[in-house]
Amino acid sequence: MQQLSEQEIVRRNALDEMKKLGINPYPQAMYEVNAYAKDILEQFPKDNTLFQEVSMAGRMMSRRIMGAASFTELKDSTGRVQLYIKRDDVCPGEDKTMYNTVFKRLLDIGDFIGIKGFVFTTQMGEITVHVTELTVLSKSLRPLPVVKEKDGQVYDAFTDPDQRYRQRYVDLVVNDPVRKIFEMRARVLRSMREFLNEKGYLEVETPILQSIPGGAAARPFITHHNALDIPLYLRIANELYLKRLIVGGYEGVYEFAKDFRNEGMDRYHNPEFTQMEMYVAYKDYFWMMETTEQMLEKIANDLHGTTKVQVGDNVIDFAAPYKRISILDAIKEKTGIDVSGMNEAELHATCQKLGIETDPSMGKGKLIDEIFGEKCEHTFIQPTFITDYPVEMSPLCKRHRENPELTERFELMVNGKELANAYTELNDPIDQRERFEEQVKLAEKGDDEAMYIDYDFLRALEYGMPPTSGMGIGIDRLTMFMTNQASIQEVILFPQMRPEIQAKVVSSSDFMVLGMPEHWASLMPEAGVAKPEDLAEIKPTVIQQTLNGLRKKKKLDVPAVQMEEIQSWIEKLK
RNA sequence: CUCUCCGUAGCUCAGUUGGCAGAGCAGCUGACUCUUAAUCAGCGGGUCGAAGGUUCGAGCCCUUCCGGGGAGACCA
């Protein structure tokens, strides 16, 4: 049992008192709700005949008591509204317990209550619910952080990121802007889904547990299936499964997929993250660029009513069309170096010249990627399609129709970060097999992100896949842009955290195993003995004096502790 | 993994040169029938992240560890 703070004890006592008064602090029955804070605040000023018989429920978030009348704030799922509670209205008879005892003393900030009443406007002009009936719906035993606000100025905000992420429930209760972010995230998903459904594509679900983690270059999480006695991997991408579905005859498929990558964590990366991948038959990457920019334009409009979105210090304009530039031109433009046609040795030398670290496992593709990542990526603030990546770094992508050294691939850069990645998909099974084999050679050179060969996927391609274009877009990053958040942890409800270590709490039973009776064991913390081992550190006479002193002070009805007993506890310890 | 900053009451934060642990809010007791960061009077509340060290004396100095933020490294 954790040591309780003073305020937690007060709340537990209040809970007991309520029960004694015959009030169930956790009632079973549903509570009728027919009005919400947001609707009242919006509609009542226009028509003050509305809301004359409301029934509402929520948390009590503040309390201003003035004797026989009080104001409190009720927070429901839509917002906050002030309540006016008058003693003789909630307690019309002789018995004023409900107001004097229950409301004023036994209820606390954070408790859920249900109220019935009517809406009016106070002398100070605030829309308020005049309460005629009060019901306890759920007692809160822990004090919430009390965040106050006046004129948009927030006082004593709950800001510690550690506590906010670990106890997101508290964050959501007291920090309204945080709730908004996750509502916006839901709207991003809804808007994107609408866009895709409108086009008639099929939303599908594909395996998260995969025996071959394919479709991307990343290190997977490994788990184990007991019945099959085989390793399984948490998916790093769903690409290969979605393409199998195109082989199967669907014209367009998409999935909002949780992917898992066993790599570093920082402001932009969480081990599990969400990606939307889509694949459409008979299309190429030019079509996909148009589709992508239309989709993002719609999402920005749906969320903000404009295509211009504030992201940090920049205003990003998601209005289509977006600038397009090939990766080699981008490098030429930013560094003045033309890397096209360079072999591996020349690229290593170029990296050296640019001050970019390399290692021998890097092939041509990876080297070009390094140069782009180091010198170019961060410079693309407005949405820009970077196109035509070298074939080595795109093993699932079709070769460029004009240059077989390149592929028909684009990445969409926004605010200096990759947001989306798309291909004209490789559907030549023989070429695909060779590309996988190249990956195996890279793996042998030491690239631990190189791809595995998925033979079933090759088999599917051999049955024939129509020309197809596919695209993946990071939902977390998109949400960061759309909500102007600088950290991925702010757009994931429960970001991955190091497990919270519970400080080892020593209880009476840890002392009782030494043969100590409970009445002494429970006094140990007070006697200055934090843990059993400490007994050996303190002189037995001191222990005896302290315990018997406490016995006298607390008027305990137990025999005084004898030296022999203390000796036996210390003996037991060894 | 490296550097750096932070960890003090339920929350937000002070804490001097190393010398009796503080404030506001929250809580408790009381007053107050339209308040609004309500107000007024009074009161309580601490493993100063953990362990060790230096010292007559450590919230403060040193070491190690734990957790978090930021920057980098690695990495989509």
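The chains referred to below are lettered A, B, ... by the order of the sequence lines, with proteins before strands, and numbering in each begins at 1. Values in this document were obtained by computation on a predicted structure and should not be read as measured data.
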Is it true that atom [atom1] of [X] has more than 12 heavy atoms of other residues, nucleotides or ligands lying nearer than 6.0 Å?
| X | atom1 | result |
| --- | --- | --- |
| A/Glu149 | CD | yes |
| A/Arg142 | CZ | no |
| A/Phe120 | CZ | yes |

With rounding to whole Å, what would you report as the distance between [N] and [M] at their [atom1] atoms?
| N | M | atom1 | value |
| --- | --- | --- | --- |
| B/G44 | B/A51 | P | 28 Å |
| B/G57 | B/C11 | C1' | 32 Å |
| B/G27 | B/G10 | P | 14 Å |
| B/A41 | B/U55 | C1' | 45 Å |
| B/U29 | B/G45 | C1' | 15 Å |
| B/C20 | B/A58 | C1' | 14 Å |
| B/G7 | B/C48 | P | 14 Å |
| B/U54 | B/C60 | P | 15 Å |

Just call it for [X]: base, sugar-phosphate, or nothing, with non-hydrogen atoms closer than 4.0 Å on any strand.
| X | answer |
| --- | --- |
| A/Gln489 | sugar-phosphate |
| A/Arg261 | sugar-phosphate |
| A/Glu73 | nothing |
| A/Phe158 | sugar-phosphate |
| A/Asp160 | sugar-phosphate |

So which nucleotide from [options] ends up closest to the side chain of [X]?
| X | options | result |
| --- | --- | --- |
| A/Thr159 | B/G67, B/U33, B/C13 | B/C13 |
| A/Asp266 | B/C74, B/U29, B/C32 | B/C74 |
| A/Ser5 | B/U33, B/G27, B/G10 | B/G10 |
| A/Arg267 | B/A71, B/U35, B/C28 | B/A71 |
| A/Phe71 | B/G68, B/U35, B/A37 | B/U35 |

- Message: Distance check, rounded to the nearest 0.5 Å: A/Arg164 atom CZ versus A/Asp171 atom CG?
- Response: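 Taking CZ in A/Arg164 and CG in A/Asp171, the distance rounds to 4.0 Å.
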- Message: Rounded to the nearest 0.5 Å, what separates atom CD in A/Gln489 from atom NE2 in A/His269?
- Response: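 A/Gln489 atom CD to A/His269 atom NE2 measures 13.0 Å (nearest 0.5 Å).
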Can [X] and [Y] be counted as an ion pair, charged N to O under 4.0 angstrom?
| X | Y | answer |
| --- | --- | --- |
| A/Glu408 | A/Lys398 | no |
| A/Arg235 | A/Glu255 | yes |
| A/Asp176 | A/Lys75 | yes |

Find the distance [X]:[atom1] to [N]:[atom2] and express it as a whole number of Å.
| X | N | atom1 | atom2 | answer |
| --- | --- | --- | --- | --- |
| A/Glu370 | B/C74 | CD | C1' | 10 Å |
| A/Lys150 | B/A38 | NZ | C1' | 10 Å |
| A/Met66 | B/U36 | CE | C1' | 9 Å |
| A/Arg64 | B/C40 | CZ | P | 15 Å |
| A/Leu107 | B/G27 | CG | C1' | 15 Å |
| A/Ile65 | B/A38 | CD1 | C1' | 11 Å |
| A/Arg12 | B/C28 | CZ | P | 16 Å |
| A/Asp108 | B/C11 | CG | P | 16 Å |

- Message: On the side chain of A/Gln82, is there an atom forming a donor-acceptor pair with the base of B/U35 - under 3.5 Å, no angle test?
- Response: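 Indeed, a donor on one side and an acceptor on the other fall under 3.5 Å apart.
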- Tell me, for nucleotides 21-26 of chain B in 5' to 3' order, what letter each nucleotide earns: B for a base near a protein heavy atom under 4.0 Å, S for only sugar-phosphate near one, - for neither? ---BSB
- Starting from the 5' end of RNA chain B, give me the residue, A/Ser62 or A/Met265, whose nearest nucleotide shows up first.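 Result: A/Ser62.
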- Toward the 5' end of RNA chain B, which comes first, A/Lys86 or A/Pro145, by nearest nucleotide?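 Nearer the 5' end of the strand: A/Pro145.
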- For residues A/Val129 and A/Leu74, determine if any side-chain heavy atom of one lies less than 4.5 Å from a side-chain heavy atom of the other.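 A/Val129 does not reach A/Leu74 side chain to side chain.
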- Is the closest side-chain heavy-atom distance between A/Lys104 and A/Tyr99 below 4.5 Å?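 Yes; the side chains approach each other to less than 4.5 Å.
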- Query: Does anything in residues 115-130 of chain A reach RNA chain B, meaning a heavy atom under 4.0 Å, and if so which residues?
  - Reply: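 Going residue by residue through residues 115-130 of chain A, the ones with a heavy atom under 4.0 Å of RNA chain B turn out to be A/Phe120, A/Thr122, A/Gln123, A/Met124, A/Glu126.
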- Query: Given the rule that a pair is Watson-Crick or G-U wobble with both distances under 3.5 Å, how would you write RNA chain B in dot-bracket, using | for pairs to a different strand?
  - Reply: (((((((..((((.....[..)))).(((((.......))))).....(((((..]....))))))))))))....
- Query: Is there a donor-acceptor contact under 3.5 Å from the side chain of A/Arg87 to the main chain of A/Lys96?
  - Reply: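 Judged by distance alone, no pair lies under 3.5 Å.
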- Item | For the student: nearest non-hydrogen atoms of A/Ser394 and A/Arg409, plus distance |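 That closest heavy-atom pairing would be OG-NH1, 2.8 Å.
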- Message: Any side-chain N or O of A/Arg142 below 4.0 angstrom from OP1/OP2 of B/G10?
- Response: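 So the side chain of A/Arg142 is outside the cut-off, no N or O lying under 4.0 Å from OP1 or OP2 of B/G10.
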- Candidate pair A/Arg59 and A/Ser140, rule side-chain hydrogen bond (donor to acceptor under 3.5 Å, both in side chains), full reasoning: CA-CA 9 Å; A/Arg59 272 188 207 268; A/Ser140 157; 4.7 Å; no
- Message: I'd like to know whether A/Ser5 forms a side-chain hydrogen bond (donor to acceptor under 3.5 Å, both in side chains) with A/Glu8, so could you lay out the CA-CA distance, the side-chain angles of the two residues, the decisive distance to 0.1 Å, and finally the verdict.
- Response: CA-CA 5 Å; A/Ser5 71; A/Glu8 286 171 295; 3.1 Å; yes
